[in-house]
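Input: a single structure, listed below in C-alpha cells.
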Amino acid sequence: MDDDEALIEAAAQARSHAHAPYSGFAVGAALRDRSGRVHAGANVENASLGLSICAERAAVCRAVAEGARSFDAIAIVTASEVLTPPCGACRQFLVEFAPELRVLLADLRGARAEYRLAELLAHPFRDYRPARSGG
C-alpha cells in the first residue's frame with residue numbers, strides 16, 4: 001500500500017469513530033506531517049451545532065497537540081455519493097499550517113480525487129496586521 005492509500009485508510013478508520021447523531025454525515029480525516037507521522041480526526045457534533053468540529057480541524061488540533069506544525073497531505077473520507085472537500089472554515093484552518101497541502105478526497109466505494117489547498121482556497125485570509133513602527 002502506498003503512502004497516500006495508507007493515509008486514506010487512516011481517514012476511513014477515523015471516520016468509524018465520528019460522532020454525527022444530528023447530520024448522520026460521518027467524516028474522517030488523516031493529516032500527514034512532514035516527518036511522516038499521521039494524525040487522525042473525526043467530526044464531533046453537538047446539539048448546539050455551532051460547537052461541532054469538523055474532522056479536518058480535529059486532525060489539525062490533534063497534530064498540533066502532538067507537536068507537529070508542518071504538513072504535506074490530508075485525506076478526507078466520507079460515505080457521500082459526491083466526494084466532499086473541506087468546508088471553508090477548515091480550508092482557512094489548514095492554510096495556517098500548510099498553504100501547499102495536498103488534499104486527497106475519497107469515498108467508501110473507492111472514488112478518489114486530489115487537489116492542492118491553494119486550488120480550494122484561492123484567496124485565504126492572512127495576518128493583515130499593520131507593520132509596527134519603531135517608535
Side-chain angles (χ1 to χ4, degrees):
M1 179 181 309
D2 73 8
D3 289 345
D4 287 349
E5 282 301 315
L7 193 63
I8 289 168
E9 180 57 35
Q13 179 63 31
R15 182 188 169 279
S16 71
H17 300 292
H19 177 72
Y22 304 100
S23 71
F25 192 72
V27 181
L31 183 64
R32 184 174 53 229
D33 67 30
R34 296 229 181 248
S35 71
R37 292 181 303 164
V38 173
H39 312 272
N43 59 318
V44 180
E45 294 179 350
N46 184 279
S48 175
L49 294 177
L51 297 179
S52 298
I53 186 168
C54 298
E56 298 89 336
R57 285 181 282 149
V60 171
C61 290
R62 181 176 186 177
V64 168
E66 293 172 350
R69 297 288 190 281
S70 180
F71 309 101
D72 69 358
I74 189 169
I76 302 157
V77 175
T78 67
S80 175
E81 298 206 3
V82 178
L83 294 175
T84 307
C87 72
C90 287
R91 294 173 196 198
Q92 181 64 46
F93 206 81
L94 289 162
V95 80
E96 182 79 12
F97 296 95
E100 296 303 316
L101 189 70
R102 291 175 49 238
V103 179
L104 310 171
L105 306 179
D107 68 14
L108 300 178
R109 298 178 321 259
R112 304 279 191 269
E114 180 178 333
Y115 298 92
R116 290 285 178 177
L117 184 57
E119 293 176 83
L120 299 174
L121 185 63
H123 302 283
F125 183 84
R126 298 284 187 194
D127 182 356
Y128 291 111
R129 289 180 285 185
R132 295 183 180 176
S133 64

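Positions are given from 1, in the same order as the sequence printed here.
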Rounded distance (nearest 0.5 Å) linking atom [atom1] of [X] with atom [atom2] of [Y]:
X: Thr78; Y: Arg15; atom1: OG1; atom2: CZ; result: 7.0 Å
X: Leu101; Y: Arg91; atom1: CG; atom2: CZ; result: 12.0 Å
X: Ile53; Y: Cys61; atom1: CD1; atom2: SG; result: 4.5 Å
X: Arg57; Y: Leu94; atom1: CZ; atom2: CG; result: 9.5 Å
X: Tyr115; Y: Arg102; atom1: OH; atom2: CZ; result: 14.0 Å
X: Glu56; Y: Phe93; atom1: CD; atom2: CZ; result: 11.0 Å

Which atom names give the shortest non-hydrogen contact between [X] and [Y], and what distance separates them?
X: Ala58; Y: Gly41; value: CB-CA, 4.1 Å
X: Ala14; Y: Ala29; value: CB-O, 4.1 Å
X: Ala18; Y: Ala26; value: CB-CB, 3.7 Å
X: Glu100; Y: Ala118; value: OE2-CB, 4.5 Å

If you define the side chain from C-beta out and look only at heavy atoms, does anything of [X] sit under 4.5 Å from [Y]?
X: Leu31; Y: Val38; value: no
X: Cys87; Y: Cys54; value: yes
X: Asp107; Y: Ser80; value: no
X: Arg69; Y: Phe97; value: yes
X: His39; Y: Arg32; value: no
X: Leu105; Y: Thr84; value: no
X: Arg112; Y: Glu5; value: yes
X: Glu119; Y: Pro85; value: no

Would a single hydrophobic cluster contain both [Y] and [X], if residues Ile, Leu, Val, Met, Phe, Trp and Tyr are joined by side-chain heavy-atom contacts under 4.5 Å?
X: Phe71; Y: Leu7; answer: no
X: Ile8; Y: Leu108; answer: yes
X: Ile74; Y: Leu104; answer: no
X: Val27; Y: Val60; answer: yes

More than 12 heavy atoms from other groups under 6.0 Å of CD on Glu81: no
Can you confirm whether Glu96 is buried at CD, in the sense that more than 12 heavy atoms of other residues, nucleotides or ligands lie under 6.0 Å from that atom? no
Is the side chain of Arg34 donor-acceptor paired with the backbone N or O of Ser70 at a distance under 3.5 Å, no angle test? no
Is it true that a side-chain atom of Asn43 and a backbone atom of Gly28 form a donor plus acceptor pair closer than 3.5 Å? no
Pair Ser35-Asp33, side-chain donor/acceptor within less than 3.5 Å: yes
